[in-house]
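Chain A is the first sequence line, chain B the second, and so forth, proteins listed ahead of strands; every chain is numbered from 1. All heavy atoms count here, side chains included; hydrogens, waters and symmetry mates do not.
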Amino acid sequence: MSTARRDALLAWYDANRRPLPWRQTRDPYAVLVSEVMAQQTQIVRVVPHYERFLALFPTPESLARAPLAEVLAAWSGLGYNRRARFLHDAAAHVVQHGWPTTSEELQALPGVGAYTAAAVASIAFGEAVPAVDTNAKRVLSRWEATPLEGTRLAEAAAAALDGDRPADWNQAMMDLGARVCMPKPDCDSCPVTDWCADASVYSAPARQARFSGSTRQARGAVVRALVHGNSASHAALAKQTGLATTRLREALEALESDGLVERSGRRWQLPAAAGRISGGTTPGSS
DNA sequence: GTCCGGCTCC
DNA sequence: GGAGCGGGAC
C-alpha cells in the first residue's frame, strides 16, 4: 500500500475521529480497560462505564486490591462478567510483574487475545502491529475483494499498516468500519474508495444461540441480584431472579467455576478476594 | 430478530 | 473449528 493512500485515511481520521475518552491517554492501564470493555460491546455503551470505572479504580494497584465484588458492581450493565474478573486478575499480574510491553507478551494477560494485545501495544507502547477487530476485518476484506480470515487476514492487515502511526492507523481502520464502511457501506463519504476493490463484500457473523431461557441469561440475573443484595440464600436468589431451582443451580455452578460467585455457609455472594495472579491456582484455592 | 472495537476452553 | 459467554440499541 502506498504512502499516499495511507495518508488519505489518516487525514480522514485526523478530521473525523470519534472523540472517545481513552483517546486522550497512552496510559496502558486506561487503554487496557477500554479495550476489554469494548470486546463484543457497542462503544456508546462502553463510554460511561469506562469513565466510572477509572474514577473508582484509577490504577492497576487500586483495581488489583479491590474485592472482586466491587469490580463486578462497577461492571454491572456491560455484560460478559468474566471480563471483569479477567481485568481484575490482569491488574494483579501487572502489579506483581510490571507491564508486558509487546503485543506477544501482552497476550499472557487473562482476557487479552490477539486483538486486545495489538491494540494496547500499538496505542500505549507504539508497536507497529495491526489490531484487527470486526470493523478492520470488513474493511480489509473489501480492499481485497474477498472475505479474509486467518493467515490471509493477518497478512493483509500487516501489509496495510502504517508503521509510523500504528495507533492512529488501527483506530482509523476501526472508525472507518464503524462510521463509513459499515455492513451497508456509505461509499459517498469514504475517503479511500479509490483502492476499495469490492464494497459489497460482507460476511454476516454466525447466528447466536437463543438468549431467552439460556444459562447466560440466568447467570446475568444471578450476578445482578448479588450486586444489589450482597449475599443471599438459594431460596432468596430464586425469588429475586424468578429462576426455577434447576436453572438457578446450573447458573450458580457455572458462575462458581468461573470464579464469579462463592459460597459462604449456606449463602451465596460475589467474591471478596482481591485480584489473583492468573495461572497455577484455581479461583477457589488459596 | 440482529449485532457489537473477542476471548477462553473444548 | 465451535460453543459459551450479557446486555442494550436498533
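In terms of phosphate contacts, Thr116(A) brings a side-chain nitrogen or oxygen within less than 4.0 Å of OP1 or OP2 of dC7(B). Between Arg224(A) and the phosphate of dG7(C), there is a side-chain N or O to OP1/OP2 separation shorter than 4.0 Å. Between dT2(B) and Arg207(A), a contact under 4.0 Å exists linking OP1 or OP2 to a side-chain N or O.
Protein atom CD of Gln208(A) is 12 Å distant from nucleotide atom P of dA3(C), rounded to whole Å. Separating the CD atom of Gln40(A) from the P atom of dG6(C) is a distance of 12 Å, rounded to the nearest angstrom. Ile43(A) has its CD1 atom 16 Å from the P atom of dG8(C), to the nearest Å.
Residue-to-nucleotide contacts include a donor-acceptor pair under 3.5 Å from the side chain of Gln42(A) to the base of dG8(C). The base of dG6(C) sits within donor-acceptor range of the side chain of Thr41(A), with an N or O pair under 3.5 Å. Judged by distance alone, with hydrogens and angles left aside, Arg216(A) brings no side-chain donor or acceptor close enough to the base of dG4(C) to form a pair under 3.5 Å. With hydrogens and angles ignored, a donor-acceptor pair under 3.5 angstrom links the side chain of Arg45(A) to the base of dG7(C).
Across all non-hydrogen atoms, the minimal contact from Val71(A) to Ala66(A) is CG2-CB, 4.2 Å.
A donor-acceptor contact closer than 3.5 angstrom is absent between the side chains of Ser212(A) and Gln217(A).
For Glu51(A), the CD atom is densely surrounded, since the number of other residues' heavy atoms within 6.0 Å is greater than 12.
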